[in-house]
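Reading through the structure tokens given below for one structure.
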There are 2 protein chains.
Amino acid sequence: MTTTSLDRKIDTRLKEHDARYTRGRRLVVTTLAGSDGPKSAGELHADIGSTIPLSSLYRSLAVLEESGVLVPHFTKLGVARYELAEWLQGHHHHLVCLHCGAVEDLALPQSYEERVRELVEEIGSTVSFTPVNHAFEIEGICSRCA
Amino acid sequence: MTTTSLDRKIDTRLKEHDARYTRGRRLVVTTLAGSDGPKSAGELHADIGSTIPLSSLYRSLAVLEESGVLVPHFTKLGVARYELAEWLQGHHHHLVCLHCGAVEDLALPQSYEERVRELVEEIGSTVSFTPVNHAFEIEGICSRCA
DNA sequence: TTCCTTGCAAACGATTTGCATTGGA
DNA sequence: TCCAATGCAAATCGTTTGCAAGGAA
């Protein structure tokens, strides 16, 4: 089993949370790392192959989320989709297809990103609310459904 | 029962979809109209009082969504929150509290809104994706949880 | 009368949990 | 050895649906 720099970072992070970087958790991470957008437990289960029962998969997702390795997104009813946290994957946004529901990652050029950040800060300063993250999602029709 | 201009618009819209603007549906709409952010079926059920069984409430939400009166949002696992569509309530964004999960509406000043729109258009033109909506959510800590 | 709507209860699907077993440091 | 991690089955929870009764045009 190859240990990438990603694996090393995650291993360290999990140890800080008294958790182990086990086979099941690695499978989840590597599948997500090779993915072009957030994936649900069901999708991961299908991608990984049924080597791992769903209940264990859910537990892996919970541990990885608590340790800050994964972040959940809720774009569809009753389904959580996970992706690697920003410190592992970099900051980005999402394109959500209104037709097929697929979610695609979208990395903005530096200049755009700065404009989004500015906007969030300015807005935050005008309301009694302390911004932590921003989610800038563009909903529309993806190329496949066009 | 007072019939507002909102009610009239909705009544018309529902008729176009061969649906009636019934007591239960009115209750949902007026509750949402008096709300400061999207509400889930459970929250609506609590707010309205248990005059209406949950199953009927869900059916009302489904009809109102299909007719374009309500729009669902999915910010939390397993829970859909609804609000009046933009043509009834106006365009706005959301502040999502990471601590208590509450969602608050946020109307941006014209100048900000233009900047968001510009950004979406520019981004849309650089990817093979046709933007329809944009959801610009700011996640953070609300004043109550601060 | 004709259909849409409602209530109630049962069914569903995603996710969670109890418990006994396995496995790694 | 000790405690975290896993598998399986049963339980939860939000949401949906079948069916018979009620209501508006």
Side-chain angles (χ1 to χ4, degrees), chain A residues 1 3 7-8 10-29 38-67 69-82 101 103, chain B residues 1 3 7 10-29 31 38-67 69-82 101 103:
Chain A
M1 162 171 19
T3 297
D7 284 327
R8 259 175 272 118
I10 293 175
D11 187 50
T12 306
R13 173 65 76 106
L14 285 177
K15 278 187 181 127
E16 291 166 10
H17 286 257
D18 301 309
R20 297 170 195 158
Y21 196 23
T22 60
R23 172 184 139 75
R25 294 170 190 177
R26 264 174 204 259
L27 278 171
V28 168
V29 166
K39 290 275 172 290
S40 69
E43 290 165 341
L44 287 170
H45 190 248
D47 288 359
I48 290 177
S50 37
T51 339
I52 293 176
L54 261 176
S55 65
S56 300
L57 217 169
Y58 276 109
R59 276 197 263 240
S60 291
L61 291 172
V63 169
L64 291 168
E65 183 190 345
E66 282 157 22
S67 306
V69 173
L70 299 185
V71 174
H73 291 274
F74 313 106
T75 41
K76 198 187 146 221
L77 178 57
V79 180
R81 290 168 190 274
Y82 292 83
V103 183
Chain B
M1 161 168 18
T3 297
D7 283 326
I10 293 174
D11 187 50
T12 305
R13 174 64 76 106
L14 285 176
K15 277 187 183 127
E16 290 166 10
H17 287 257
D18 301 309
R20 299 171 192 156
Y21 195 22
T22 61
R23 172 185 139 75
R25 293 169 190 177
R26 264 173 204 258
L27 278 171
V28 169
V29 166
T31 305
K39 291 276 172 289
S40 69
E43 291 165 342
L44 288 170
H45 190 249
D47 288 358
I48 290 176
S50 36
T51 339
I52 294 175
L54 260 176
S55 66
S56 300
L57 218 169
Y58 276 109
R59 276 197 263 238
S60 290
L61 291 172
V63 170
L64 291 167
E65 183 190 344
E66 282 157 23
S67 306
V69 173
L70 300 185
V71 175
H73 291 274
F74 313 105
T75 43
K76 198 186 147 223
L77 176 58
V79 180
R81 291 169 190 273
Y82 291 83
V103 183

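Residue numbering restarts at 1 for every chain, and letters A, B, ... go by the order of the sequence lines. Computed from a predicted structure; not experimentally measured. Basis for what follows: all heavy atoms, side chains included, without hydrogens, waters or symmetry-related copies.
- Summarising the geometry, atom OH belonging to B:Tyr21 is positioned 11.5 Å from atom OG belonging to B:Ser67; distances are rounded to the nearest 0.5 Å.
- The nearest whole Å value for the distance from the CG atom in A:Leu61 to the P atom in C:dT16 is 9 Å.
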Run the side-chain contact (heavy atoms from CB on, under 4.5 Å) check on B:Asp47 and B:Lys39 step by step: do they pass? CA-CA 10 Å; B:Asp47 288 358; B:Lys39 291 276 172 289; 4.1 Å; yes
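- In this structure, the CD atom of A:Glu66 is 13 Å from the P atom of D:dA4, given to the nearest Å.
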Polar atom pairs between nucleotides 3-5 of chain C and protein, under 3.5 Å, N or O only, would you list them?
residue, atom, partner, partner atom, Å
C:dC4, O4', B:Arg20, NH2, 3.2
C:dC4, O2, B:Arg20, NH1, 3.3
C:dT5, OP1, B:Arg20, N, 2.6
C:dT5, OP1, B:Arg25, NH1, 2.5
C:dT5, O5', B:Arg25, NH2, 3.1

Between the protein and nucleotides 9-15 of chain C, which nitrogen or oxygen pairs come in under 3.5 angstrom?
residue, atom, partner, partner atom, Å
C:dA14, O3', A:Gly78, O, 2.7
C:dT15, OP1, A:Ala80, N, 2.8
C:dT15, OP2, A:Tyr58, OH, 2.2
C:dT15, O5', A:Tyr58, OH, 3.1

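- Side-chain contact between A:Leu77 and B:Phe74 is present, with heavy atoms from C-beta onward closer than 4.5 Å.
- The backbone N or O of A:Pro38 lies less than 3.5 Å from no partner atom in the side chain of A:His73, so there is not a single donor-acceptor pair.
- Atom P of nucleotide D:dT15 and atom CG of B:Leu44 are separated by 10 Å, given to the nearest angstrom.
- Considering B:Val63, B:Val28, B:Ile10 in turn, B:Val28 is the only one that fulfils the side-chain contact (heavy atoms from CB on, under 4.5 Å) rule with B:Leu70.
- Counting to the nearest Å, the C1' atom of D:dG14 and the CZ atom of B:Phe74 are 12 Å from each other.
- A donor-acceptor distance shorter than 3.5 angstrom exists from the side chain of B:Arg25 to the backbone of B:Arg20, with no hydrogens or angles considered.
- A distance-only check finds no donor-acceptor pair linking the side chain of B:Arg13 to the backbone of B:Val69 [under 3.5 Å].
- Rounding to whole angstrom units, CG of residue A:Leu14 and C1' of D:dA4 are separated by 12 Å.
- The nearest whole Å value for the distance from the NE2 atom in B:His45 to the P atom in D:dT15 is 12 Å.
- Rounded to whole Å, the distance from CG on A:Leu64 to P on D:dA5 is 10 Å.
- Taking atom NZ of residue B:Lys39 and atom P of nucleotide D:dT15, one finds them 14 Å apart after rounding to whole Å.
- Within the 4.5 Å cutoff, the side chain of B:Tyr82 has heavy atoms near those of the B:Glu65 side chain.
- Note that CG of B:Leu54 and NE2 of B:His45 are 4.5 Å apart. Values are rounded to the nearest 0.5 Å.
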